[in-house]
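Report on the structure given below.
The structure displayed is predicted, hence computed values, not measured ones.
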Amino acid sequence: MSQATKLYFEDVELGDEIGPAIISVALDQVVDFCSLWGNPAPNRFTDQAEAEKIGLDGPIVPGIMTMALVSRVVTDWAGAGTVADLDLVFRGTVPHNQPLHVGIQVSDTEQDDDGNHVQCDITMTGPVPDRPYVIGTARLNLPSRD
């Protein structure tokens with residue numbers, strides 16, 4: 001997903017839906033992320049046995065990596081530097097090697113002395129859309145065409 005043109009406040013309407021962007025996270029991506037993060041393998045994110053030790057069915061995507069993936073979907077649509085706040089709630093563990101559907105819906109727009117603000121609702125689901133892994137909101141600051 002890549003933004004072809006600059007997004008302006010005037011281009012956004014209440015109820016606009018973006019996506020879902022479909023992404024998948026492979027084990028090697030999680031291993032690389034954990035290594036950079038300072039949490040080298042094996043751990044609950046990269047190893048079946050370690051995940052099972054703490055009651056998980058298998059390795060999971062780290063929450064901080066999930067937040068980065070969601071943030072990338074938002075900035076691919078709205079542009080770099082537009083995210084003022086990202087607030088996510090994890091409703092379930094995020095699995096490896098499965099399609100993850102990230103949807104964005106514009107829930108509010110506001111102009112004030114501080115700028116042009118767009119509030120978006122975010123969901124990340126797997127194969128069953130009514131069982132979200134992640135829900136949340138993003139507050140964006142968008143430029144005006146003027």
Side-chain angles (χ1 to χ4, degrees), residues 1-110 115-144:
M1 185 174 211
S2 179
Q3 179 184 344
T5 60
K6 186 170 187 155
L7 183 68
Y8 293 99
F9 181 78
E10 292 82 4
D11 299 330
V12 178
E13 293 186 24
L14 191 64
D16 282 354
E17 292 188 27
I18 296 81
I22 301 173
I23 56 180
S24 181
V25 181
L27 175 61
D28 62 330
Q29 292 173 297
V30 177
V31 169
D32 289 347
F33 183 89
C34 286
S35 178
L36 290 169
W37 177 30
N39 191 0
N43 56 50
R44 69 183 180 275
F45 307 115
T46 61
D47 183 77
Q48 183 70 32
E50 292 294 320
E52 288 175 357
K53 281 183 189 177
I54 62 167
L56 297 172
D57 292 334
I60 60 174
V61 179
I64 193 168
M65 185 177 185
T66 301
M67 291 182 75
L69 294 167
V70 169
S71 180
R72 186 183 74 204
V73 172
V74 173
T75 58
D76 281 353
W77 168 63
T82 59
V83 178
D85 185 56
L86 180 64
D87 183 18
L88 301 179
V89 177
F90 290 81
R91 297 287 188 190
T93 56
V94 179
H96 297 194
N97 302 313
Q98 290 191 18
L100 303 170
H101 303 252
V102 180
I104 303 168
Q105 184 173 29
V106 175
S107 57
D108 194 18
T109 61
E110 176 186 19
N116 305 312
H117 313 290
V118 176
Q119 185 82 15
C120 299
D121 293 333
I122 298 169
T123 57
M124 175 188 277
T125 64
V128 182
D130 61 344
R131 294 183 54 203
Y133 297 131
V134 178
I135 60 172
T137 59
R139 183 172 168 90
L140 311 176
N141 294 326
L142 296 179
S144 182

So, taking the atom named CZ in Arg139 and the one named CG in Asp87, what distance separates them when rounded to the nearest 0.5 Å? 12.5 Å
Which heavy atom in Ile18 sits nearest to a heavy atom in Val106, and how many Å separate them? CD1-CG2, 4.5 Å
Exercise: identify the closest heavy-atom pair between Glu10 and Pro143: OE1-O, 4.2 Å
Enter the distance from Gln29:CD to Ser24:OG here, rounded to the nearest 0.5 Å. 7.5 Å
Whether Asp121 side chain and Gln105 backbone form a donor-acceptor pair below 3.5 Å: no
Can you check whether Val73 reaches Asp76 side chain to side chain, under 4.5 Å on heavy atoms? no
Return the CG to CG distance between Leu100 and Leu69, rounded to the nearest 0.5 Å. 8.0 Å
Nearest-0.5 Å distance, OG1 of residue Thr125 to CZ of residue Arg91: 14.0 Å
For Ala51 against Pro59, the heavy-atom pair lying closest together: CB-N, 3.6 Å
Test Phe90 against Met67 for side-chain contact (heavy atoms from CB on, under 4.5 Å), laying out the working first. CA-CA 10 Å; Phe90 290 81; Met67 291 182 75; 4.0 Å; yes
For the pair Ser107 (side chain) and Gln119 (backbone), establish whether a donor and an acceptor sit closer than 3.5 Å, ignoring hydrogens and angles. yes
Return the minimal non-hydrogen interatomic distance between His101 and Pro20, and the atom names on each side. CB-CB, 4.0 Å
Does atom CG of Asp57 have more than 12 heavy-atom neighbours, drawn from other residues, nucleotides or ligands, at distances under 6.0 Å? no
Keeping His96 on the side-chain end and Phe45 on the backbone end, is there a donor-acceptor pair under 3.5 Å? yes
Is there a side-chain contact between Val12 and Trp77, using heavy atoms and a 4.5 Å cut-off? yes
If we only count heavy atoms from C-beta on, is the Asn141 to Asn116 side-chain gap below 4.5 Å? no
Quick one: closest heavy-atom pair of Ala78 and Leu7, and the distance? CA-CD2, 3.7 Å
Under a 4.5 Å cut-off applied to non-hydrogen side-chain atoms, are Phe33 and Ile64 in contact? yes
Heavy-atom distance under 4.5 Å between the side chains of Tyr133 and Thr66, does that happen here? no
Side-chain heavy-atom pair Ile135, Thr123 within 4.5 angstrom cut-off: yes
Which distance, rounded to the nearest 0.5 Å, do you find between the CG of Asn39 and the CE of Met65? 12.5 Å
Between atom CG of Leu88 and atom CE of Met124, what is the distance when rounded to the nearest 0.5 Å? 8.5 Å
Which heavy-atom pair separates Ile122 from Thr137 by the least distance, and what is that distance? CD1-C, 4.1 Å
